[in-house]
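I have placed the structure first, in the form of C-alpha cells, so that the comments after it can refer back to it.
Sequence positions, counted from 1, serve as the residue numbers for this chain.
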Amino acid sequence: MAAIDASVHRAEAFDLATTWRGLADEAERRRTTVEVHAMCAPSGLNVLQAAVGTTLRVEPAASDGRIPVSFHAPSEYGIAGHLAGLVEWLEITSPPSVRDHLARNGAALSQRYDPA
C-alpha cells in the first residue's frame, strides 16, 4: 500500500472524540431492528444501562417517579430474554411483541420452576 502525500486539514472546531461517538451511535442504531419503550424504577436505571448499553435514552421522570426510557435491540425475542430478569424495575410499554415474549418467558419459567 502506498503512502498518501496529501495533507489533511481539519476545521478548528473538529472534535474527533465527539465525531467518533456519533458514528458509533449511528452504527449501533443501524445494527438493531427493534425499538423498545419502557418505564423504569430509578433504582434499576444503572442495571438497565448495563443491560442495553449506549442506545439507552432516558426521559424526565413521570409523576409516579418512574423514568420513561427507550433503547434499541437486535431482536424482539432476544431482548425479551435479556430483560426478563429486570422485571423488578422495568415495565415494557412497547412494542406489544416484546411484552408477549416476556409473558411467554414468565409462564415457561413458572411452569419449570414452580415447586407445586
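To the nearest 0.5 angstrom, His72 atom NE2 is 10.5 Å from Thr54 atom OG1. Annotation: the span from Gln49 atom CD to Thr55 atom OG1 amounts to 8.5 Å, rounded to 0.5 Å. Atom CG of Leu45 is separated from atom CD1 of Ile67 by 4.5 Å, given to the nearest 0.5 angstrom. In this structure, CD on Glu59 lies 13.0 Å from SG on Cys40, to the nearest 0.5 angstrom. Distance CD1/Ile92 to CG/Leu83: 5.0 Å, rounded to 0.5 Å.
The cluster map of Ile, Leu, Val, Met, Phe, Trp and Tyr, joined by side-chain heavy atoms under 4.5 Å apart, puts Met39 and Leu48 in different clusters. Residues Val58 and Val52 share a single hydrophobic cluster, defined by chaining ILVMFWY side chains whose heavy atoms lie under 4.5 Å apart.
Alongside Tyr77, the hydrophobic cluster contains no other residue (criterion: ILVMFWY side chains under 4.5 Å).
The local environment of CG in Asn46 is sparse, with at most 12 non-hydrogen atoms from other residues, nucleotides or ligands closer than 6.0 Å. Other residues, nucleotides and ligands contribute more than 12 heavy atoms inside 6.0 Å of the CZ atom of Phe14.
Closest approach of Glu35 to Pro95, counting heavy atoms only: O-CD, 3.4 Å. Here the closest non-hydrogen pair linking Gly65 and Pro42 is O-CG, 3.4 Å. Contact between Ala61 and Pro68 at its shortest, heavy atoms only, is CA-CD, 4.3 Å.
With sequence neighbours excluded, no residue forms a side chain to side chain contact (heavy atoms under 4.5 Å, CB included) with Ala107. When the salt bridge (charged side-chain N to carboxylate O under 4.0 Å, His left out) test is applied to Asp114, no partner is found at least two apart in sequence or on another chain. By the side chain to side chain contact (heavy atoms under 4.5 Å, CB included) test, Ser110 is found to be paired with no residue, residues two or more places apart in sequence or in another chain being considered.
Judged as a ring-ring contact (aromatic ring centres under 6.0 Å, His included), not a single pair has a partner in residues 33-61 (not counting sequence neighbours). The list of side chain to side chain donor-acceptor pair (under 3.5 Å) pairs with a residue in residues 85-100, not counting sequence neighbours, reads Ser43-Trp89, Arg66-Glu91, Glu76-Ser97.
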